[in-house]
Amino acid sequence: MSVILSYVPTIEGRGALAFGFAEARMRATDLVVIADGDSASAPGFGAELHSAREEADAAGVDYRIARNEPDRSHADNLIDASYDSAAELLVLGMRRRSPVGKLLMGSVAQRVLLEAQCPVVGVKPPVAAEV
């Protein structure tokens with residue numbers, strides 16, 4: 001069994017990362033990190049992945065990092081991964097929203113929540129991290 005994690009180098013992504021490690025450790029399973037392909041070209045992405053590897057090693061979690069398949073959206077890759085028979089949970093970072101903003105959700109989050117086969121957990125970053 002596996003915990004699948006959507007990884008984007010943002011505050012939301014780092015919050016999801018910590019939660020994903022904790023879930024994988026609690027469930028005694030591995031973590032599959034699916035990195036958003038668009039973010040791979042962002043400055044600091046390599047450092048973020050290195051930090052993620054260090055955190056996984058410190059937590060004692062077996063993991064692998066996968067990138068989006070070319071010419072496919074991040075949402076499509078996450079949804080496909082959720083249909084894997086080993087997928088136990090999908091972890092997705094989400095932004096905090098204003099009362100009006102709560103009516104709308106990001107397109108990736110909305111698609112994954114509606115179409116994923118396994119349970120999905122939306123993780124918000126800690127309030128202090130939003131400064």
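The structure presented is a predicted model; accordingly, all values stated were derived computationally and were not measured. The chain is numbered in sequence order, starting from 1.
- The heavy-atom pair separating Asp84 from Ala86 by the smallest distance is OD1-N, 2.9 Å.
- In plain terms, the two heavy atoms of Asp30 and Ser2 that are nearest each other are OD1-OG, 2.8 Å.
- Under the 4.5 Å side-chain heavy-atom criterion for ILVMFWY residues, no single connected hydrophobic cluster contains both Val108 and Leu114.
- If you take CZ on Arg14 and CG on Leu17, they are separated by 9.5 Å, rounding to the nearest 0.5 Å.
- One distance of note links CG of Leu92 with OH of Tyr7; it measures 14.0 Å at 0.5 Å rounding.
- In plain terms, the two heavy atoms of Ala24 and Val61 that are nearest each other are CB-CG1, 3.7 Å.
- Taken to the nearest 0.5 Å, the CZ atom of Arg111 stands 11.5 Å off from the NE2 atom of His74.
- Separating the CD atom in Glu115 from the CG atom in Leu113 is a distance of 10.5 Å, to the nearest 0.5 Å.
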Verdict with supporting geometry, Glu88 and Arg27, salt bridge (charged side-chain N to carboxylate O under 4.0 Å, His left out):
CA-CA 9 Å; Glu88 190 173 336; Arg27 295 168 183 261; 2.8 Å; yes
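- Checked against Leu5 for a side-chain contact (heavy atoms from CB on, under 4.5 Å), the options Ile34, Leu31, Val123, Leu90 give a single hit: Leu31.
- Within the 3.5 Å criterion, the main-chain N or O of Ser73 finds a donor-acceptor partner in the side chain of Asn77.
- Annotation for Arg72: atom CZ counts as buried by contact number, over 12 foreign heavy atoms lying within 6.0 Å.
- The nearest pair of heavy atoms linking Cys118 to Ala87 is CB-O, 3.8 Å.
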